[in-house]
Every structure is written in structure tokens, then in C-alpha cells.
4 protein chains.
Amino acid sequence: MREFNAAFLGAGRMGMTHLHNLVSIPGVHVLVVADTRLAAAQNGAAIVRAERASDDLDAAIHASDVDVVLIGTPTNTHADLIEKCVRAGKPVWCEKPVALTLEDTMRVVGAGESSGVPVMIGFMRRFDPGYAAAKRKIEAGEVGRIERFRAISCDFTPPPLAYVRTSGGIFVDMLVHDFDLARFLVGEVEQVSAWGSVLIDPGYADAGDVDTVVAMLRFTSGALGVLEGSRRTTWGYDIRTEIAGSQARLVIEAPQKTPLLTSRGLGYAGDHYESFPDRFAAAYRAELDYFFECLRAGTAPAPGVRDALESLRVALAATKSMSEGRPVKVAEIK
Amino acid sequence: MREFNAAFLGAGRMGMTHLHNLVSIPGVHVLVVADTRLAAAQNGAAIVRAERASDDLDAAIHASDVDVVLIGTPTNTHADLIEKCVRAGKPVWCEKPVALTLEDTMRVVGAGESSGVPVMIGFMRRFDPGYAAAKRKIEAGEVGRIERFRAISCDFTPPPLAYVRTSGGIFVDMLVHDFDLARFLVGEVEQVSAWGSVLIDPGYADAGDVDTVVAMLRFTSGALGVLEGSRRTTWGYDIRTEIAGSQARLVIEAPQKTPLLTSRGLGYAGDHYESFPDRFAAAYRAELDYFFECLRAGTAPAPGVRDALESLRVALAATKSMSEGRPVKVAEIK
Amino acid sequence: MREFNAAFLGAGRMGMTHLHNLVSIPGVHVLVVADTRLAAAQNGAAIVRAERASDDLDAAIHASDVDVVLIGTPTNTHADLIEKCVRAGKPVWCEKPVALTLEDTMRVVGAGESSGVPVMIGFMRRFDPGYAAAKRKIEAGEVGRIERFRAISCDFTPPPLAYVRTSGGIFVDMLVHDFDLARFLVGEVEQVSAWGSVLIDPGYADAGDVDTVVAMLRFTSGALGVLEGSRRTTWGYDIRTEIAGSQARLVIEAPQKTPLLTSRGLGYAGDHYESFPDRFAAAYRAELDYFFECLRAGTAPAPGVRDALESLRVALAATKSMSEGRPVKVAEIK
Amino acid sequence: MREFNAAFLGAGRMGMTHLHNLVSIPGVHVLVVADTRLAAAQNGAAIVRAERASDDLDAAIHASDVDVVLIGTPTNTHADLIEKCVRAGKPVWCEKPVALTLEDTMRVVGAGESSGVPVMIGFMRRFDPGYAAAKRKIEAGEVGRIERFRAISCDFTPPPLAYVRTSGGIFVDMLVHDFDLARFLVGEVEQVSAWGSVLIDPGYADAGDVDTVVAMLRFTSGALGVLEGSRRTTWGYDIRTEIAGSQARLVIEAPQKTPLLTSRGLGYAGDHYESFPDRFAAAYRAELDYFFECLRAGTAPAPGVRDALESLRVALAATKSMSEGRPVKVAEIK
């Protein structure tokens, strides 16, 4: 079995989740944990017993004993770091998104595709057992021709408004996951129509964003879709997807976090998931497993930067539709 | 279509439920509502627009224009009334139980079987869509050889202790429904072992009964079963049955009364049924429909008095086992 | 208790369902069953033991011993029949819709409102235990400010294309139920955007309709909504509604028809409802109960013709949006 | 944070699961993987990058740089290995059971308790999020006085008959998990009554065992319980537990493995878990986390050997009851 010496960049909260998953993959050796905050790098390296810690991300990428790079740094650094990796000929996995603008993302697509170096972007939902099983059923023809798509994406805890201001907007920041799933499960999107409202906190308006959105999709296949998004619920992390086809309906939903129902007072109750680390714990493990399987098999890991680009275009079309009050074709986004 | 002129005896709360079901059956004409309390009879007759009301149950049975009798009177009157009907040659449906003692029940079996008059006893659960579908699957061989049976029967609201004193005990009064289902779905019971406790109200001990029971069944087929019963829950009317076979498992359960889930505070909640009138509303309708279908088709309706007798014997064996602290064979009950 | 002598017009399949419900309402006496097909009227009258049958609908309405009218005739007769009833001063319940055009519906609104005669239109979903409970929770403030609405309406068995041609289109024919629920649960709709596709049968295009639709709603409150509709599924009658508010989420859904789960082969299975008569059986009973409660209490039954008009306007706005490829304000429909 | 140098004994399939969990615990360093089969030890050590592999279990226990031992070897070696660890003063976690006989288990209890060395036995179900949450609710008084307990334990794939012969019988081998849960959630058991049948494979009779069992428990608190067990289902790994109390009912059940429902043909379907590694994946991780938390906090980890002993006594009482056809008090087992 081929062994890998990995550098992991970014030792924040989600970075640590990825690091723990990484060290449990047979044959993967975490050589370096790098973070611009040296203490964070050292702490992360200690916890997973990596050989060394560093605050020099470039050095970690270019170290001669590092042969694969995983990136969990803040969004605005992704594009440059991926480019450096592919130029150095090092396979790279990076948290989504590649970038918030089309230009930056296209630049990375160009670099990646000309280099031929494997690049995978962390749209982890594809690796959730529910979504993965849905994909298999669709590919096996069990669903028939897809007629309708439905997605809902709502966070339980709203992000700080400071984050919202630089997030790219709710479609680029949150619903891009649903656009990725739409493309993964149904196919390319031709047209988007979107509306938004500020219902939760007027601060979203000040930040140039909305907190509640709905959208419709028209796929090139003729299939139709609806989406809903919200920055805050009182009931939990609400992520659900449905596929309605000529042969079957798929509902991807994890309604209950803990295998316990409590009954009292003529009723029963169960609990919901709170956030992506608990709802998608298995997906985060599976996507890294898959990345290394691809490297070993010599196949291109997906989703790659091209996927990230296409999903971003749908998100930008939604943003434009909301702003201009009219349906927008994805082809307009270029 | 053959028309029927029916007498309905007993205009209490459940009697009115049966009466409403009765009048919605095409071709069934409620001629008389009879109750020893004339006002109740008159009220019932008015509500369903029956032709006449009476406080003379015997007269209602023997009226020359009445050709079928339905009995919803108190338990201690069932045996005599059924006997009068079969002697008068009038098909009869009667609420369960036939009687609380083996002797009385056997007497009615004798009368019924020698007369050949159709008699049906209201073990309504058999007609619930869930139990009926389970039966069809078992008969179609989908479950394979049955290996295990599980039943739970718990009331939400405990009965008055005055009722408990004359109820025949929890096995004869409540779990007889489960013994009937056991026989309906699995087959005859060979042996019972039962334990009871007074956990809810010491008044049950004073009434010579227990409020909480468990039991094991050994079927003649070799299959095994467990039962639980309670006079009171805080969460609702808890009636569930499971069949585990060599090919499949059936779970008959109606977890949610209202088609609504409410989510808040990182959890979700639904509601439970409260009692037999709401949980088994469809079964109460279906059992009367079936009774008249049998009369029209000339087939014997089931369950009949013989079924009531056999289920009572299992209940008496459970009672004896609980009292004597040892497994009791059903064959001992005679 | 006030008694009613009712005339029932229309003895088709759903008419018989309503008739059976009607005869089980205490104090309601079905005097006449009328249908332009005399044999159908006679058959219906015989089954529910009505006093007389007739093929003269007008005569039934105007009969001096009839004091309330229920209409279950074909759609194109509703407006005229309701008008005749209100002119005759007879309270009337009528199956939805009032009419397929705004003009006809407005005419009936005018007649109804000037007369003061109670008129109720059969948007039965409001009376389903799930929807009714949702309404109570919203009114009790349990949901907080409503932020999002979601509806799906899909039939299992597609209608004949001949029906489609005169149905008014999928929004007026099917999704009008969802628009009624949107208004019932959330409030008035300001704007609609809708898309449609022909994915199931090219015959819908020939009939001037589509078979698959999505839509977005913007409510005057600022809340947003999404809808999906389809003329055919392979999995059952798919009717679901969600309300997301600042305090809670409500999901009105009846996932399982029969209280039975069958497990085999590392999986489990339950069944779905097939159509409105089984899914909304309780609602059909409850709406008629409520109608007579209103008559007895002297309160105006809802939804009335004005509700039907407003929901129709939303449906027509959706139809116009789909046809013109742009968002349409409901205020444009007049 | 205190660091630990661990020896892991036993590199079989479940051993590898534990090893992967072990290496993801911060501050735990796997120094040695030992297995009497050297190749297995070397393979395991390589996969988790342990410092060394060995076929000498004793040496691994006594190595001066090893300060904690985890045992995942075959059952018949557990007692001796635990004893060696406690004599060497090394905290030890061991897979259940301690031993199949009361004598061996009591010997280990004696050694462990006199030494004061922390010993934890791997009844992992206690650490499943569902069971752990149930325990918290019970301790918080949310359930009130416990009245009834229900457990079901069924494997999907039956074990080889060779294994059955030395397994100690179905109660000692399988249902001991349920007896542990009964004691964990409800309290000590006073009396057991059990029946068994051979329904799946006559080979179980030849092996001196049965394949299908039911049992009743009477707790010292007066609460009652029922249990079911089977060596084989066709639908999956069927592990469910219920607690019914004076205030609430708890149902610990994980009905669906993959967050996906597929609807077609008027029905819907989901999948079940297949075996303990998938159903209890989180529990296996949590029990080791907890073990090291206890070591760091200086508290005694539970369940310990005394718990294993008491649960074994209930299992032996059940075995005796089944064999003698009478209820057996746990106090008889000594």
C-alpha cells in the first residue's frame, strides 16, 4: 500500500477535525501541521503527534519530504495555496470554497487543469452515507428520469455579522453546498430565480446580505427545483434534499441525532443535529478516505476545482437574480 | 343487496360509537335502540334516527321485524343476551368479552354452536388496518415461520378501582386483547408464565389485582412470546405488537396520532393516541362492515365465541401463573 | 339541538363520500339526493336512506322543506348553483372550486356577500387534524413570526387528458389547495414566480398545460415560500406542507397509511396514501361537522367564497408568471 | 494533559477497530501491539504506526514503558490477562466478558478490588449516545419510578456452531449485554424466568444451546422486565431497549442506518444496521475516551469487573431457569 507524507495547513477547529480523520487513515503520515499562528500549529501537531509544526505554509508545501497537502485555512487563502500546491506538483485537498469570485476560481481551474495534479475540493455532503447512497441509486436507474429537486439549508447558530460581510452572500457562502448537490445528483443548471428577505436580523441588510432565501432552478434536462435557506433556526441544523423521479423519490434527511425517543404527556420527542461537525461527521471522514483512494488508484478525485467553479456560477446567478428581480441564466455568469 | 333491520342494545359511550358506524353501513337499518335506561335509548335513537327506542332488551331481541342484534351493554349481561339471540335465531355481534368466567363462556359456546346462528365477538383490533395487513402478510408466507411474538397493552387513563374489582383482573380485562392477537397472528398458546406488581396505585392490591404485568408465552408451534401490560402511562394509549419470523419482522404500531411534527429547541415532537376510540376508530368501523359482509355471504364471522373462549383460557392461565408463581399450561384451564 | 333538512346535489364518487359523512352528523336529515342522472340520485338516496331522489337540482334547492344545500356536482355548475342557493336564502356548502375564472368567482362573491347567507367552500385540507393543529399552534404564537412556507402537491394517478383540458391548468386545479393553505397558515400573498415543464406526458403540452411545476411566493409579511406540484408520482399521493418560523418549524405530513412496518433484507418498509379520499378522510368528515356547527352557532363558516377568490387569484398569478416568464404580483390579477 | 503509553493486546478484526479509536485519542500513544500471531501484531502495528509489535503478551504487559493495557484477545484469555495487568499495577480496559464462569470472574474481581488498579470491561452499549442519554434522563428524574424494562437482542448473521459450543450459551454470550443494560438503567435483578427454543437451526440443540429465547426479570425495586433474543434475523442487527416509568417512556432504538428514504410503488423504505461495528461505532469510540478521562481524573471507570460479575450472575440465572423450567432468584447463583 502506497504511503503518504502529508502537510496539513490550518489548525483551527475544523482543521483539527480533519487532522483527527487524517491520522486514522492507514498509510497516511502527518509530517507537518502548519498555521500562521505558530502556537496553533504546535498544539495541533502535538495532539496528532505530527513530526513538526510550522508557521510557514509555503515551506510546508514545498518541503521535499511532503508529498500531499491538505488545506483547512481561511477561505481567502485557498486559491493561492492550491495554486502553489499544483505548481509544486503536490496533490491537494482543500476545504470549500476555492474562492468567492469567479475570477479567482477560474485562475485556479486553469492552473489545476494545465498541471494535471489531482485537486479535490471539500464539498463533503457528497460523502455523507445518505447522499452517496442517493447518487448510487440514481446512477443505477432506480429513480428514473429526475423531475424535481428540493434542497433546504439552514444553520442553527447564525454567524457573526463580521463574517457575513465577507462571506460572499448567503448563496455563495451557504447554498453553494446545495447547488453542488443539485449538480451532483441531477445535472447542470440552466437558470435560477431567487428571492431574499431580511427577517431574522436587520444587521444582514447592513452587511449587504439577506438572511432568508428561496430559489427555483431549471436544469438543462428540463427538471425543476426549489431551494430554501436561512441563517438561523431554533430547531437545529436543517439540511434536507429530495429527488423526485419518474420511478422513485429519494429523501435525504437525518431527522434524529440520538437513537432515543422520549414519550410523555400524550406525545413523543427526539433530537435534531446542531451543526455540520455532528451531522456530517461520517462525511468528513469519508471524503479524506476517498481522496487517498483516488491518489492510490491514480484516478481524479471529485469534486474538483471545475465543480467548485460551476457551483459558484449557480450561486452567483442566484445572487444576481435576487438583486435584479428576474430569472438569470447560468450562462450569463462569466 | 340484502337489507338488515337491526336492534342495538346499549346506548352508552361506546354504544354510540358503534351506532354511528352502524348507520353508515349501506343496507343496514337501525330499527330499535334499547337500553335499560329509557332516556339513553331515546337519546341514542334520536341521534341516529332509529325508528324506536325501548328499555326492554328482550323485546328488542324478539321483535318480529328485527333480524340482527348488536350488543354494547355492560359485560355481565353479554352471555345471557347472546344466548337469547341465538335461541331466537338472530345473528348477533357482541362487544368483548362474552363473560369473565370459563363456565359462562362455555355455556354460550355450547348454545351458539348447537344453533348454527352467526355470533361475532368484538375483538376489534383484528380489524385495524395494521393488524389486518399483518395477518395477510403472514398468510401469504411473507413472514416465514413465526419465531417470536411481542405485545404491549397499556392504558393512558387508569380505570376506577370500582371497575377493577369486577374486571376479572388485568389479564382477563386488558391483555385478553393481546392473547386474541397472539392466537390470530401466531396460533394456539401452550403455556404461559406471568408476573405482576402493584407499582401505580396500592388500591389495585386492595382490589385483588395488580397494575403492571409481564408474561411469556410458549406457542404449540414452538414460537415464544413476551407481553407487557399496565393500567396507566403518562404518554398515551400504548398498544404495540411485533411478529418476528424466519423471513421478516412485522411491527404493528401507530406512533403518531396527528400528521404534524413540531421542531424547536434542537428537537422535534409528535403526539400519541389517547385511547381505543381514537386509536381503533377505523377498526370499529371495519368490524361491523365485516360482520354484515359475512351475513350477506353466508360465511361464519370471526372471531366467534370459541375464539373468545380460547383467549379467555390463556388469560386465566396467566392469572393462575401469576398467583401460583409457576408456568401454567393452557390445557390446565378447563 | 337544531335539526337540518338537507338537499345533496351530485351523487358521484366523492358525492357519496360526502353523503356518508352527512348522514352520520347528528341532527342532519338528508331529505333529497339530486343528480341530473336520475339513476345516480336514486342509488345515492337508497344507500343513505334519503327520503327522495330527484334529477331536478333547482327543485331540490327550492323545495320548501329543504333548509340547507350541499353541492358535489361538476365544477362548471358550482357558481350557478351557489348563486341559486344564496338567492333562495339557503346556507350552502360547495366542493371547491367556485369557478375556474375570476369573473365567475367574483359574481358569486357578490351574490353571497350581499345576501348574508352562509356559504362554505370545501378546501378540506384545512380540516385535516394536522393542518388544523398547525393553525392552532400558529395562532397560539408557538411558531413565532413565520419566515418560510413550503408546499408540495402531487397526485399518484394522473387525470385523463380530457379533464386536464378543462381543468384551468395545474395551478388552478391542483395547487390552489396549497395557495389556500398558504393564505390560511401564513397570510396574503403579494407576488408569485412560477415555472413549469412537461416531463411526464407530452399530452399535457397538447392540452395547453404542464405536468410539473415549481413556484416561489412572497407574502405581504415578507415571508417567502416554495411550492412543487406534479400530476403523477410512482410512490403515492404526496401532500406535505412546512412552516418555518422564528420559534418553531411545523411539518404537516402523513408519511404512513397503515400502522405496520415490515422489515426484511437489512431494511424496513411502510406504505403511503394513494389519494385524497384516504389521506383526507378525516378532513372530509370534519369540514361538514364544522359547517353545521357554524350554522347552529350563527357564525360564518370559513373558507368562504372570498377565500376561494383570493386563492384563485394566487393561482392565476402563478399561471401568468409561468406564461410570461416573470414574477407576477397578485394585485395584477383583477 | 497526562500522556499514556499503551499496549494493545489482540489484533483481530474488533481489535483493529479499537486500535483505530485508540490512536485518535489525544495524548494516548500506542507503544506496542501484541498478538500471539506475530504477523497480525505486525500488521496492526504498521497500520496504526505503533512503535513495536510483539507476540509476547506478557512482555507487553510488563514492559517498563507501558503504563496502560487494552485487551482485545479471545474471551478465554481475558481473566488471566486482566489479573496480570492488575498485579503489574497497570490500568486495564478489556473487551467483555471477563470469563464465562462465575469462578473465574470472581477471582478477577478479587484481584482487581484488592489491587485498587482501575479495570474497565467493554460493555460498550452504555456509551452509545442513545443509552447514555437515557441514563442521564433517568438520573435526572425525568422518567420517574421505573415500572417496566424491555430488551431485544438479535444478531443478523448467526455465529458458527463451533463458536456456539464454547460461547457459554445465548444468555451468557449475547443477552449479557441486555442484563448489563438492565442493571445500568434500572437496578439490580432479583429473579429471572426464561424459556428457549431451537427454531433456526437444529445445530444449536447439538451444541447444547438454543437459538431463540424469551425471559422475564423481576428487579429488587419491584419493576418488571421482558427480554427477547435470537441468533439470526433476516432484517438486521436488532437491538432495542425500552424503559417505562411513572413519568415517561424511553425507547432506545436506531431504526435507520443511512439517512435516506426511498419511496416507490405506494410505499417507502429505509435500511437497518447490520452488526455491532456499525450500530455501535460511536459507542466503541466513546468508551475508550471515557476510560482515559477516568484515568486522568483519578476516578474508577465503570462498568468494572464487579459489574461484569453481577450481569453474568443474571445470565447464569436465566440459563438455570431455562434448564430447570422454573423462576430462579439471582441470589441462587453463587
Side-chain angles (χ1 to χ4, degrees), chain B residues 142-152 154 190-201 210-219 221-236 238 240 242 244-251 253 255 272 321-322 324-327, chain D residues 142-152 154 190-201 210-219 221-236 238 240 242 244-251 253 255 272 321-322 324-327:
Chain B
E142 287 185 43
V143 177
R145 179 184 179 183
I146 294 176
E147 295 167 358
R148 284 175 288 117
F149 169 84
R150 183 227 180 179
I152 181 165
C154 303
E190 184 179 305
Q191 195 176 21
V192 191
S193 191
W195 288 348
S197 276
V198 176
L199 299 172
I200 296 168
D201 183 342
V210 294
D211 51 36
T212 306
V213 292
V214 292
M216 300 190 295
L217 300 181
R218 188 186 293 275
F219 293 86
S221 67
L224 299 172
V226 294
L227 296 96
E228 295 169 71
S230 169
R231 288 288 192 179
R232 179 277 288 123
T233 76
T234 64
W235 54 89
D238 196 350
R240 290 175 285 156
E242 293 186 18
S246 60
Q247 300 302 322
R249 181 186 75 186
L250 305 177
V251 177
E253 178 176 0
H272 285 305
S321 168
M322 182 167 66
E324 300 184 2
R326 64 171 182 91
Chain D
E142 288 185 42
V143 177
R145 179 184 180 182
I146 294 177
E147 296 167 358
R148 284 175 288 118
F149 169 84
R150 183 225 178 179
I152 181 166
C154 303
E190 184 179 304
Q191 194 176 21
V192 190
S193 191
W195 287 348
S197 277
V198 176
L199 299 172
I200 295 168
D201 182 342
V210 294
D211 50 36
T212 306
V213 291
V214 292
M216 299 190 295
L217 301 181
R218 188 187 292 276
F219 293 86
S221 67
L224 300 172
V226 295
L227 296 95
E228 296 169 70
S230 169
R231 286 289 192 180
R232 179 276 290 122
T233 76
T234 64
W235 54 89
D238 197 349
R240 290 175 284 157
E242 292 186 19
S246 59
Q247 301 302 322
R249 181 186 76 186
L250 306 177
V251 177
E253 178 176 1
H272 284 305
S321 169
M322 182 168 65
E324 301 183 3
R326 65 171 182 92

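None of these values were measured; they are calculated from a predicted model. Below, chains carry the letters A, B, ... as their sequence lines are ordered, and counting in each starts from 1.
- With chain D as partner, the option from R145(B), R326(B), Q247(B), R150(B) having the largest number of non-hydrogen pairs under 4.5 angstrom is R150(B).
- When each of V226(B), L199(B), T234(B) is checked for heavy-atom pairs under 4.5 Å with chain D, L199(B) comes out on top.
- With a 4.5 Å cut-off on non-hydrogen atoms, W235(B) touches chain D through its side chain but not through its backbone.
- Proximity to chain D involves both the backbone and the side chain of R218(B), based on heavy atoms less than 4.5 angstrom apart.
- In this structure, W195(D) and P327(B) approach most closely via the heavy-atom pair CZ2-CB, 3.8 Å.
- The two residues S246(D) and G144(D) make their nearest non-hydrogen contact at OG-CA, 3.4 Å.
- Contact tally against chain D (heavy-atom pairs below 4.5 Å) for V214(B), V198(B), D211(B): the top residue is V214(B).
- Taking every heavy atom of both residues into account, T212(D) and R148(B) meet most closely at CG2-CG, 3.7 Å.
- Most heavy-atom pairs under 4.5 Å with chain D, from the set L227(B), V213(B), L224(B): that is L224(B).
- Of the atoms belonging to I152(B), it is side-chain heavy atoms, and not backbone ones, that fall under 4.5 Å from chain D.
- Using a 4.5 Å heavy-atom threshold, the side chains of D238(B) and R249(D) count as touching.
- Side chain of S197(B) to main chain of G222(D): a donor-acceptor pair is present (N/O by atom type, distance under 3.5 Å, no hydrogens or angles).
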| task | Apply salt bridge (Lys or Arg N to Asp or Glu O under 4.0 Å) to the pair E147(D) and R232(B), showing each step before the final yes or no. | result | CA-CA 11 Å; E147(D) 296 167 358; R232(B) 179 277 288 123; 2.9 Å; yes

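- Each of S221(B), A194(B), G196(B) has some count of heavy-atom pairs under 4.5 Å with chain D, and the biggest count is that of G196(B).
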